[in-house]
**Q** 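Encoded as structure tokens, here's the structure I'll be asking about.
All ligand and atom numbering here is 1-based and tracks the order in the structure. Values below: every heavy atom of this structure, side chains too, minus hydrogens, waters and symmetry copies.
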Amino acid sequence: MQLCFATNNAHKLAEIKALLGETFALKTLKEIGCEEELPETTDTIEGNSRQKAEYVWEHFGVDCFADDSGLEITALNGAPGVHSAYYGGSRDFQGNIARVLEELKSASDRSARFKTVITLVLQGKVYQFEGVITGQLLKEQRGSQGFGYDPIFVPDGHERTFAEMSIEEKGKISHRSRAFAQLVDFLKPYS
Ligand code: ITT
């Protein structure tokens, strides 16, 4: 089954390919001829996920799914949330982490959660799937795997940060894999 994953993030693509295996011929945006930046102008993770998937369906006529994720920090009332990618002012992981650590300097509650919402557009019909993982934010970075806020996030029930885990270990428990497990289940009859 031909399906496009609407992302430009190579780390995410690698994670999802590892999860999906060979069942689907997963196409990248480039492979379907989409070179432009996808719109992400709503103010929610759900909205941006849907906006990206619908854009690909409407402009390229290819079944596709998009995900949008973010880090929701309790002490910051759910920020950075939909603004996670640019929280430090630009699309720079170190800048984003620096701002979070600064804002949490005097916080006693360091709990947070990663959330992923996947939107699938299949022959024009829209479906959404959500995955969440809760954890704690460290005061300094540990590990070099992964991306984004991984070096400061320790999932509940674990000792190591996401950045200290292999792609496979993170893939077993992550917000994205939880959302994707639902997508894969949903797609089973179509494969
Ligand atoms: P695309 O929109 O091109 O798919 P993106 O980097 O913007 O890629 P998301 O919208 O899904 O990715 O996530 C927004 C930001 O949230 C992302 O840039 C990271 O800073 C953070 N984030 C999401 N998932 C993460 C993860 O598994 N580990 C660490 N940070 C993550």
**Q** Quick one: do the D92 and S90 side chains pair a donor with an acceptor below 3.5 Å?
**A**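 Note: D92 and S90 side chains miss the donor-acceptor criterion.
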**Q** In terms of side-chain heavy atoms, does Q141 have a donor or acceptor partner in Q94 at a distance below 3.5 Å?
**A**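 A pair is found: one side chain offers a donor N or O, the other an acceptor, under 3.5 Å apart.
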**Q** I'd like to check which ligand 1 atoms, numbered from 1 as shown, lie under 4.0 Å from a non-hydrogen atom of H175.
**A**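 Those of ligand 1 that fall under 4.0 Å from H175 are 24 (N), 25 (C), 26 (C), 27 (O).
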**Q** Please identify which atoms of ligand 1 are closer than 4.0 Å to at least one heavy atom of T7.
**A**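 By the 4.0 Å cutoff, the relevant atoms are 1 (P), 3 (O), 4 (O).
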**Q** Specify the closest pair of heavy atoms between P39 and Q51, including all atoms of both residues, with the distance to one decimal.
**A**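 Nearest pair, atom of P39 first, then Q51: O-OE1, 3.4 Å.
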**Q** With respect to N9, determine whether any N or O atom, backbone or side chain, lies less than 3.5 Å from an N or O atom of ligand 1.
**A**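 Among all N and O atoms of N9, at least one is under 3.5 Å from an N or O of ligand 1.
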**Q** What residue and atom, counting heavy atoms only, is the protein's closest point to atom 3 (O) of ligand 1, and at what distance?
**A**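 Result: N8 N, 3.3 Å.
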**Q** Might you point out which heavy atoms bring P151 and T161 nearest each other, and give the distance in Å?
**A**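 Nearest heavy atoms, P151 then T161: O-CG2, 3.4 Å.
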**Q** Is there a heavy atom of F147 sitting under 4.0 angstrom from any atom of ligand 1?
**A**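 Flag set, F147 near ligand 1.
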**Q** Give the residue and atom name of whichever protein heavy atom lies nearest to atom 12 (O) of ligand 1, and the separation in Å to one decimal.
**A**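 Going by distance alone, atom 12 (O) of ligand 1 is nearest to K12 NZ, 3.0 Å.
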**Q** Tell me the protein heavy atom at minimum distance from atom 28 (N) of ligand 1, and give that distance in Å.
**A**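 The answer is D150 OD1, 2.6 Å.
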**Q** Got a donor-acceptor contact below 3.5 angstrom from the T119 side chain to the R50 backbone?
**A**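 Judged by distance alone, yes, a pair lies under 3.5 Å.
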**Q** Closer than 4.0 Å to some heavy atom of F114 - which atoms of ligand 1 meet that?
**A**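 Near F114, meaning under 4.0 Å from one of its heavy atoms, ligand 1 has 25 (C), 28 (N), 29 (C), 30 (N), 31 (C).
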**Q** I'd like to check which ligand 1 atoms, numbered from 1 as shown, lie under 4.0 Å from a non-hydrogen atom of R91.
**A**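 Listed by number with element: 5 (P), 6 (O), 7 (O).
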**Q** Any atoms of ligand 1 less than 4.0 Å from a non-hydrogen atom of Y149? List them with their elements.
**A**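 That gives atoms 20 (O), 21 (C), 29 (C), 30 (N) of ligand 1.
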**Q** Aromatic rings F65 and F180: how do their planes relate, parallel, tilted or perpendicular, breaks at 30° and 60°?
**A**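 F65 vs F180 ring planes: perpendicular.
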**Q** Should one rank K115, K170, H83, R176 by closest heavy-atom distance to atom 25 (C) of ligand 1, which comes out on top?
**A**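 When every heavy atom of K115, K170, H83, R176 is considered, R176 comes closest to atom 25 (C) of ligand 1.
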**Q** Find all atoms of ligand 1 within a distance of less than 4.0 Å from any non-hydrogen atom belonging to G148, and give their numbers and elements.
**A**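 Answer, ordered by atom number: 20 (O), 29 (C), 30 (N).
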**Q** May I ask you to list the atoms of ligand 1 that are less than 4.0 angstrom from any heavy atom of K52?
**A**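 Answer, ordered by atom number: 2 (O), 4 (O).
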**Q** Can you run down the ring-ring contact (aromatic ring centres under 6.0 Å, His included) pairs that involve residues 120-140, sequence neighbours left out, and say none if there aren't any?
**A**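 Checked against ring-ring contact (aromatic ring centres under 6.0 Å, His included) - neighbours excluded - the pairs reaching residues 120-140 are Y127-F186, F129-F186.
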**Q** Atoms of ligand 1 less than 4.0 Å from D68 heavy atoms?
**A**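 Checking each atom against D68, I get 10 (O), 11 (O).
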**Q** Judged by modelled atom types alone, do D67 and T116 share a side-chain donor-acceptor pair under 3.5 Å?
**A**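 Judged by distance alone, the side chains do not pair up.
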**Q** Can you check which of A66, S84, A10, S49 brings a heavy atom nearest to atom 16 (O) of ligand 1?
**A**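 Shortest heavy-atom distance from atom 16 (O) of ligand 1: S84.
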**Q** To check your reading of the model: name the closest protein heavy atom to atom 14 (C) of ligand 1, its residue, and the distance in Å.
**A**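 For atom 14 (C) of ligand 1, the nearest protein heavy atom comes out as S69 O, 3.2 Å.
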**Q** D150: what forms a salt bridge (charged side-chain N to carboxylate O under 4.0 Å, His left out) with it, not counting sequence neighbours?
**A**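 Residues passing salt bridge (charged side-chain N to carboxylate O under 4.0 Å, His left out) with D150: K170.
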**Q** Tell me yes or no: between the side chains of E103 and Y87, is some donor less than 3.5 Å from an acceptor?
**A**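 Y87 and E103 do have a side-chain donor-acceptor pair below 3.5 Å.
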